[in-house]
**Q** 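Take a look at this one; I'll ask things after.
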Number of protein chains: 2
Amino acid sequence: MITAMARAATTSDAFNAIAEPQRRDILTLLRSGERPVTDVAEELGMSPSRASKHLRVLREVGLVRLRGAGKQHFYGLDARGLRPVHEWLGGFEEFWAGSFDRLDAYVQDLKRTQED
Amino acid sequence: MITAMARAATTSDAFNAIAEPQRRDILTLLRSGERPVTDVAEELGMSPSRASKHLRVLREVGLVRLRGAGKQHFYGLDARGLRPVHEWLGGFEEFWAGSFDRLDAYVQDLKRTQED
DNA sequence: TGATCATATTCCGTTATCGGAAAACGTCAA
DNA sequence: TTGACGTTTTCCGATAACGGAATATGATCA
């Protein structure tokens, strides 16, 4: 039972998971191929335990997959989990160019307001 | 001076700002035009104070602009702030189709591992 | 079995979110 | 000035992320 809500868990969403810069770095790194925890940690300059924790979060939201048992674990990218983010963002692309116009309108409006 | 780091502030990033579902809803709503706080609150079923707080976060990261002084405030979308998110995501698009193949490979691998 | 390497988890303290409720501003009209 | 409306802020309690350090688990090889 939930008593009080604070910020949503990092593991609740791809949106929340990628809010952390280091986790984005991990995903970016994994674009070039699978890697064991140690490599991730070393290449991104973080402690193995930290890397492991971040990878756990990414695994829980399905952005990363663990392959291979035994001593060697390989983490690989599963970018499908980013689709919801991309889809949500897609609705805004048309606004990027337009935003400049809208900013112009805003500035014009501001001028008018101050002149009045 | 920073003593200990917790989760990054919601206002530090577009990434952090859009991690909250209600803030995404607000941005989506504002695609159809500017709105005063009350309207946002009502249309999304949240208290005015909550809406105002969310809008403040969005304003601080530059995703939203405040127009008009006086009693009537109008909040409008400034989607340019989403560009960093889109750009980061862009690097992964090529992987979405590929991810299925990679999943196949993963499953094959799993089979092999379990047979051994 | 015991040592060693690779990963994962737990413990700790600090910080900041989130919602609701209540109170504080700020503006405009009577 | 008083009152009403629209908006923002403050206070509160509960939750949990984050890093580092230490510890635990797990697998492999001598």
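Fair warning: this is a prediction, and the values are worked out from it, not measured in the lab. Lettering of chains follows the sequences in order, A, B, ..., and the numbering in each one begins at 1.
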**Q** Rounded to whole angstrom units, what separation is found between the CD atom of A:Gln22 and the P atom of D:dA17?
**A**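 A:Gln22 atom CD is separated from D:dA17 atom P by 16 Å.
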
**Q** Identify whether A:Leu27 and B:Val85 are in the same connected component of the hydrophobic contact network (ILVMFWY, side-chain heavy atoms under 4.5 Å).
**A**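 Same cluster.
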
**Q** Would you please confirm or rule out a distance under 4.0 Å between OP1 or OP2 of C:dT9 and any side-chain N or O of A:Arg56?
**A**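 For C:dT9, OP1 or OP2 has a side-chain N or O of A:Arg56 closer than 4.0 Å.
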
**Q** Looking only at side-chain atoms of A:Ser47, point me to the closest of D:dG20, C:dG20, D:dT8.
**A**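 The nucleotide sitting nearest to the side chain is D:dG20.
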
**Q** Does A:Ser49 place a side-chain N or O at less than 4.0 Å from the phosphate oxygens OP1/OP2 of D:dA21?
**A**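 For A:Ser49, the contact criterion (side-chain N or O under 4.0 Å from OP1 or OP2 of D:dA21) is not met.
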
**Q** Checking B:Val64 against B:Leu30 for the side chain to side chain contact (heavy atoms under 4.5 Å, CB included) test, could you report, in this order, the C-alpha distance in whole Å, the side-chain angles of both residues, the deciding distance, and whether it holds?
**A** CA-CA 9 Å; B:Val64 138; B:Leu30 293 181; 3.6 Å; yes

**Q** Provide, to the nearest angstrom, the distance between the CG atom belonging to B:Leu55 and the C1' atom belonging to D:dT8.
**A**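 About 11 Å, once rounded to whole Å.
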
**Q** Nearest whole Å is fine: how far is D:dT7 P from B:Phe74 CZ?
**A**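 Nearest whole value for this atom pair: 8 Å.
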
**Q** Does any N or O donor sit under 3.5 Å from an N or O acceptor when you compare the side chain of A:Lys53 with the base of C:dT7?
**A**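 For A:Lys53, whose side chain was compared with the base of C:dT7, there is no donor-acceptor pair (under 3.5 Å).
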
**Q** Which is true for A:Ala9 with a 4.0 Å heavy-atom rule: it touches a base, it touches only sugar-phosphate, or it touches nothing?
**A**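 The residue A:Ala9 makes sugar-phosphate contact but no base contact.
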
**Q** For A:Glu20 and C:dT17, what is the distance between atoms CD and P respectively, to the nearest whole Å?
**A**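 The answer, rounded to whole Å, is 15 Å.
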
**Q** Within less than 4.0 Å of OP1 or OP2 of D:dT8, is there a side-chain N or O belonging to B:His73?
**A**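 Yes.
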
**Q** Rounding to a whole Å, what distance do you find between A:Leu58:CG and C:dT7:P?
**A**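 It works out to 16 Å between those atoms.
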
**Q** Looking for any heavy atom pair under 4.0 Å, which part of the strands does A:Tyr75 touch: base, sugar-phosphate only, or nothing?
**A**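 Since only primed, P, OP1 and OP2 atoms lie under 4.0 Å of A:Tyr75, the category is sugar-phosphate.
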
**Q** Taking the nucleotide of DNA chain C with the nearest heavy atom to each, does A:Arg59 or A:Arg7 sit closer to the 5' end?
**A**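 The residue whose closest nucleotide sits nearer the 5' end is A:Arg59.
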
**Q** Under 4.0 Å: is that the gap between some side-chain N or O of A:Arg35 and OP1 or OP2 of C:dT7?
**A**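 Result: no.
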
**Q** Taking atom types as modelled, find out whether B:Ser32 and B:Arg35 have a side-chain donor-acceptor pair closer than 3.5 angstrom.
**A**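 Yes - a donor-acceptor pair under 3.5 Å links their side chains.
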
**Q** Regarding A:Arg24 and the six-membered ring of B:Phe15, is the cationic atom NZ or CZ under 6.0 Å from the ring centre and inside 45° of its axis?
**A**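 So A:Arg24 does make the cation-pi contact.
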
**Q** So which nucleotide from C:dC18, D:dT7, D:dC18 ends up closest to the side chain of B:Pro36?
**A**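 Looking only at heavy atoms from C-beta outward on B:Pro36, the closest nucleotide is D:dT7.
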
**Q** Is B:Arg67 close enough and on-axis enough to B:Tyr75, meaning under 6.0 Å and within 45°, for cation-pi?
**A**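 No cation-pi geometry.
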
**Q** Could you tell me how far apart A:His54 (NE2) and D:dA16 (P) are, to the nearest whole angstrom?
**A**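 Rounded to whole Å, this separation is 18 Å.
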
**Q** Can you tell me the distance, in whole Å, between the CG atom of B:Leu66 and the P atom of C:dT27?
**A**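 In whole Å, C:dT27 P lies 13 Å from B:Leu66 CG.
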
**Q** Describe the nucleic acid contact of B:Thr10 in one word from base, sugar-phosphate, nothing, applying a heavy-atom distance below 4.0 Å.
**A**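 Sugar-phosphate contact only - B:Thr10 comes under 4.0 Å of backbone atoms but never of a base.
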
**Q** What contact category does B:Ser52 fall into here, base, sugar-phosphate, or nothing, at under 4.0 angstrom with non-hydrogen atoms?
**A**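 Contact class for B:Ser52: base.
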
